[in-house]
Peer 1: 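First, the structure itself, so that you have it in front of you.
Lettering follows sequence order; numbering is per chain, from 1. Reckoned from all heavy atoms, side chains included, excluding hydrogens, waters and symmetry mates.
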Number of protein chains: 2
Amino acid sequence: MDLIDRKYRILQAIIDDYILTALPVGSRTISRKYEQKLSSATIRNEMSDLEELGYLDSPHTSAGRVPSNKAYRLYVDQMLRPMPLSVEETAFINRCFDRRANQVEDLSMRIAKALSSMTRYTTAVMTRTPRNEQMLSHLQLVPVADRRVLLILVTKSGTVKQSLLEIGAGVAPDELYTVSRILSSQLEGVPLSQLPGELMRLCGRSETGIHAIVRAMAEQTPPESQSDIVALAVGGRSNLLSFPEYSDVEKAKALLSVLETREKVVSLLSQHGEMELSVRIGPETGLEETKDCSIVTASYRLSDGRVNTIGMIGPTRMQYGKVLSVLSQVGRSLGDLLEEQND
Amino acid sequence: MDLIDRKYRILQAIIDDYILTALPVGSRTISRKYEQKLSSATIRNEMSDLEELGYLDSPHTSAGRVPSNKAYRLYVDQMLRPMPLSVEETAFINRCFDRRANQVEDLSMRIAKALSSMTRYTTAVMTRTPRNEQMLSHLQLVPVADRRVLLILVTKSGTVKQSLLEIGAGVAPDELYTVSRILSSQLEGVPLSQLPGELMRLCGRSETGIHAIVRAMAEQTPPESQSDIVALAVGGRSNLLSFPEYSDVEKAKALLSVLETREKVVSLLSQHGEMELSVRIGPETGLEETKDCSIVTASYRLSDGRVNTIGMIGPTRMQYGKVLSVLSQVGRSLGDLLEEQND
DNA sequence: GTTAGCACTCGATCGGTTTGAGTGCTAATC
DNA sequence: GATTAGCACTCAAACCGATCGAGTGCTAAC
């Protein structure tokens, strides 16, 4: 469905203006600000056509037009002008990557905060490892207190999980080390999800000495329900309240509540279909509560199988150009950084 | 400044009513709902006195009275009736402690969420270890990838810190174990804050073999700037938007923004003066942004030196009775749980 | 000391009018 | 045939005044 050039330009002008002002756009505005060669009456006719084609909605008879989701779709797919970042912005971003952070959590949080303060959109940063790719490389038991032992699981991809175990009786550090070595060699390559089962099996035939430890591990190793998520950080939630679309407190509350629910955020960030950059508009976001929002994600699969996703959420009237530029740049940098940390 | 019995009762009635409705309370309301023996005119006289004494404010001439911060202070200090939790509530709380969670973070988050959904106030749970009490018990190096090693620091109090190090050259697991043992014995009892310095010292005279590792540790051990905070979880931020006092989006935004800033939350939670239960009203909360809020905290020092604090924040018109009961019960349970986990 | 009564205050609410930004349609113009 | 000027029409928002009602303070009577 090609739009002839002028309609196309007018539609673009309307969307641009609406994104800027959040106010329904009238024909005179377009004629004055964007298409001075054309009279408002002409624009009116075009707008009428555009409405018929499904690109515009009118809130009521005398209120100007508002872009439809279909219009936004066209906008991001075809109308976006590349919008290079300013020098300051690039500098700002680079600063995030400057300070060293050896914890993914810290880094994620810092990036989420920086991006949200930069764009005024709420930002989430997630690193997850698909469950079926997480295989044990080796494990190590570290004594913590008399009957408490910290279990460290290192996966083939280099991510680390820990959990605290309580064992029946005290064990000497040296013995723990020996047990760690034995178990490591026996369990190497086992997917984490099958770890408890494997341990149970070993438990049956292990010598009595390490029996208690293995049993404790089998029973207390956390089920891998959602633990394939390595890190999740959300920043700038309160920014949402600046948008006029959330001056209605009820709406704001519903959305904020979504952004406080870890599972929902994860689900929102997980629906990019393997695309590096993805824009989901309105209902495409997948949640009822976000049907008036758009979500832009940048997502990179690292060589070790982990997937890193950065997402920004805002009203459908989003500065897509800006957000896409920022996300593609930061996403890439973050991907590179994580990759680099990894070898 | 003793208030004679009747004034006292009337003030209490006013505060109770205002906490419930958020609407300025008039003399007739009190006379009808709370003091049916007295006419509204009498109440009016009393209220006039109470205003003069500084316990009541009137938003404007004909709008009823609103309790002042001074009134709330009196209320929490002297007027609170013990408010035992219902059976359901107790059950609900106990359920939080049921499922086992071996990570303080998980447990904190779960409790924060449960409490906020139960009371509708925003809840924060924090466990911190005063910096000067954190002394090394032992450490362990765990191989992760070729040139990456996970450093586990276990403190005397049994908390665990980890950080990822990059070392110059690959080292065999067995050697790492040996190095761990040597360093553990040499560094036992060293406060974490002095760890980098101590390591540097050791670095000078260590054999070349482990030199690289020690140097990496010295350089890459995170400075203990804010890392004495072990865990912080905030739940139910969006609940704030239910209160009529935050129907003004600007106010809501300011407060939410505070609750998104880790340092500010930590500071809000840290100002109880060693009290087990503390109530801070309005400006007593210490931040400009929270001068219309109250914060109730329950705080327990564990035998290992860690301090666990649970805090709830809401408008000064808070259900202090309820919140205090919940917090004292949960605070104690959580304290016991952590204590128990600890030996 | 308490209360009934009354004048007064002042925000909230309600109905009606005005305003102004916008549309759609038609007829004249390029 | 496309463009535009002109005009009637629509409708939310702003404005306005009247009214309402919850509240007060004061005074005089009980």
Peer 1: Sequence neighbours left out, what passes ring pair (Phe, Tyr, Trp, His ring centres under 6.0 Å) with B:Tyr18? Give chain and number order.
Peer 2: none

Peer 1: Going by distance alone, is a donor N or O of one side chain under 3.5 Å from an acceptor N or O of the other, for A:Thr42 and A:Ser39?
Peer 2: yes

Peer 1: Heavy-atom contacts under 4.0 Å between residues 19-27 of chain A and DNA chain C, which residues?
Peer 2: A:Gly26, A:Ser27

Peer 1: Residues in side chain to side chain contact (heavy atoms under 4.5 Å, CB included) with B:Pro244, at least two apart?
Peer 2: B:Ala22, B:Arg317

Peer 1: Kindly say whether the aromatic ring centers of B:Phe243 and B:Tyr121 come within a distance under 6.0 Å.
Peer 2: yes

Peer 1: Using ring pair (Phe, Tyr, Trp, His ring centres under 6.0 Å) as the criterion, list what pairs up with A:Tyr75, not counting sequence neighbours.
Peer 2: none

Peer 1: Using a 3.5 Å distance criterion without hydrogens, assess whether the side chain of A:Thr285 forms a donor-acceptor pair with backbone atoms of A:Ile281.
Peer 2: no

Peer 1: Using a heavy-atom cut-off of 4.0 Å to chain B, what are the terminal contacting nucleotides of DNA chain C, in 5' to 3' order?
Peer 2: C:dT2 to C:dG11

Peer 1: Kindly say whether A:Gly321 contributes a backbone atom to a donor-acceptor pair with the side chain of A:Ser325 at under 3.5 angstrom?
Peer 2: yes

Peer 1: Between protein and nucleotides 10-20 of chain D, map the contacts as a letter string: B base, S sugar-phosphate only, - none, heavy atoms under 4.0 Å, written 5' to 3'.
Peer 2: BBS--------

Peer 1: Without hydrogens or angle criteria, can the side chains of A:His272 and A:Thr297 be said to hold a donor-acceptor pair below 3.5 Å?
Peer 2: no

Peer 1: For the side-chain contact (heavy atoms from CB on, under 4.5 Å) test, which of A:Leu80, A:Val296, A:Val323 pairs with A:Val279?
Peer 2: A:Val296

Peer 1: Excluding sequence neighbours, so at least two apart, what forms side chain to side chain contact (heavy atoms under 4.5 Å, CB included) with A:Thr61?
Peer 2: none

Peer 1: Please work out if A:Ser58 contacts a base, only the sugar-phosphate, or nothing of the nucleic acid, heavy-atom cut-off 4.0 Å.
Peer 2: nothing

Peer 1: A:Arg6 side chain N/O closer than 4.0 Å to the phosphate oxygens (OP1, OP2) of D:dT3?
Peer 2: yes

Peer 1: Need to verify one output field. Residue with the more 5' nearest nucleotide on DNA chain C, A:Asn45 or A:Arg28?
Peer 2: A:Arg28

Peer 1: Answer yes if the side chains of B:Lys253 and A:Ser242 hold a donor-acceptor pair under 3.5 Å, and no otherwise.
Peer 2: yes

Peer 1: Check each residue of residues 242-250 of chain A for a non-hydrogen atom within less than 4.0 Å of any atom in DNA chain D, then write out the ones that pass by number, or none.
Peer 2: none

Peer 1: State, to 0.1 Å, how close B:Gly54 and B:Ser68 come at their nearest heavy-atom pair, and which atoms those are.
Peer 2: O-OG, 2.7 Å

Peer 1: Please list residues of residues 32-43 of chain B whose heavy atoms come under 4.0 Å from any atom in DNA chain D, ordered by number; otherwise none.
Peer 2: none

Peer 1: Taking only residues two or more places apart in sequence, or in another chain, which ones meet B:Arg32 in a side chain to side chain contact (heavy atoms under 4.5 Å, CB included)?
Peer 2: B:Arg28

Peer 1: Report the residues that fulfil side chain to side chain contact (heavy atoms under 4.5 Å, CB included) with A:Glu35, sequence neighbours left out, ordered by chain and then residue number.
Peer 2: A:Arg9, A:Ile10, A:Ile30, A:Leu38, A:Ile43

Peer 1: Starting from P on D:dG23, measure out to CD1 on B:Ile14 and report it in whole angstrom.
Peer 2: 12 Å

Peer 1: Partners of A:Lys113 by salt bridge (charged side-chain N to carboxylate O under 4.0 Å, His left out), sequence neighbours excluded?
Peer 2: none

